[in-house]
Amino acid sequence: MSVENDSSQVQSVASGSGFPTFPVAPGYRVNVRSGPGTNYSIVSVLPYGASVGIRCQCEGTNVSGPYGTTDIWDCIGNGEFVSDAYVKTGSDGYVASRCG
């Protein structure tokens, strides 16, 4: 399934996931990585205006983004992680259970 150009598809998948859903920073196409860090490969890119369902969160590479600098990574799918610095959770800490 390609989600790079269809933000409505990403939003509907996230909102129907049963997990808390949060918007990605406006104006950003965020890299989705295979693990919680910038050293992991990019598996896809979220489109502008996407929202994500956060399954769990874990510690990883420190990243600076529009919502600050953090080492928290959000698991949005099986083997799919985005830096919490690009997700508007309303918190500087964990908002979901720890992965693992």
With side-chain hydrogen bond (donor to acceptor under 3.5 Å, both in side chains) as the test, would you mind laying out the steps for S34 and S41 before giving the verdict?
CA-CA 6 Å; S34 62; S41 62; 3.3 Å; yes

Just so I know, are the side chains of V30 and Y86 near enough to count as touching, which here means a heavy-atom distance under 4.5 Å?
yes

One should read off an interatomic distance between K88 NZ and F22 CZ, to the nearest 0.5 angstrom, of 12.0 Å

Tabulate below the donor-acceptor pairs under 3.5 Å that side-chain atoms of residues 64-73 make, not counting sequence neighbours, or state none.
unit_1, atom_1, unit_2, atom_2, d
S64, OG, T69, OG1, 2.6
T70, OG1, I72, N, 3.0
W73, NE1, T61, O, 2.8

Evaluate T38 against V63 for side chain to side chain contact (heavy atoms under 4.5 Å, CB included), listing each step before the verdict.
CA-CA 8 Å; T38 55; V63 172; 4.0 Å; yes

Pair listing, disulfide bond (SG atoms under 2.5 Å apart) test, anchored in residues 21-52, at least two apart
none

Quick check for you: to the nearest 0.5 Å, what is the distance between N31 atom CG and S83 atom OG?
10.5 Å

Quick one: do L46 and R29 satisfy side chain to side chain contact (heavy atoms under 4.5 Å, CB included)? Show the steps, please.
CA-CA 5 Å; L46 296 175; R29 295 188 70 218; over 6 Å; no

Show me the donor-acceptor pairs, under 3.5 Å and distance only, between side chains in residues 91-100 and residues at least two apart or in other chains.
unit_1, atom_1, unit_2, atom_2, d
S91, OG, G93, N, 2.9

Looking at every non-hydrogen atom in both residues, tell me the closest pair between F81 and C75 and how far apart they are.
CE2-CB, 3.6 Å

Measure from the side-chain N and O atoms of R33 to the backbone N and O of Y40, and report whether any donor-acceptor pair falls under 3.5 Å.
yes

If you compare all heavy atoms of V32 against all heavy atoms of E80, which two are closest, and at what distance to 0.1 Å?
CG1-CB, 3.6 Å

Value rounded to 0.5 Å, distance of SG in C58 from CG in D84
10.5 Å

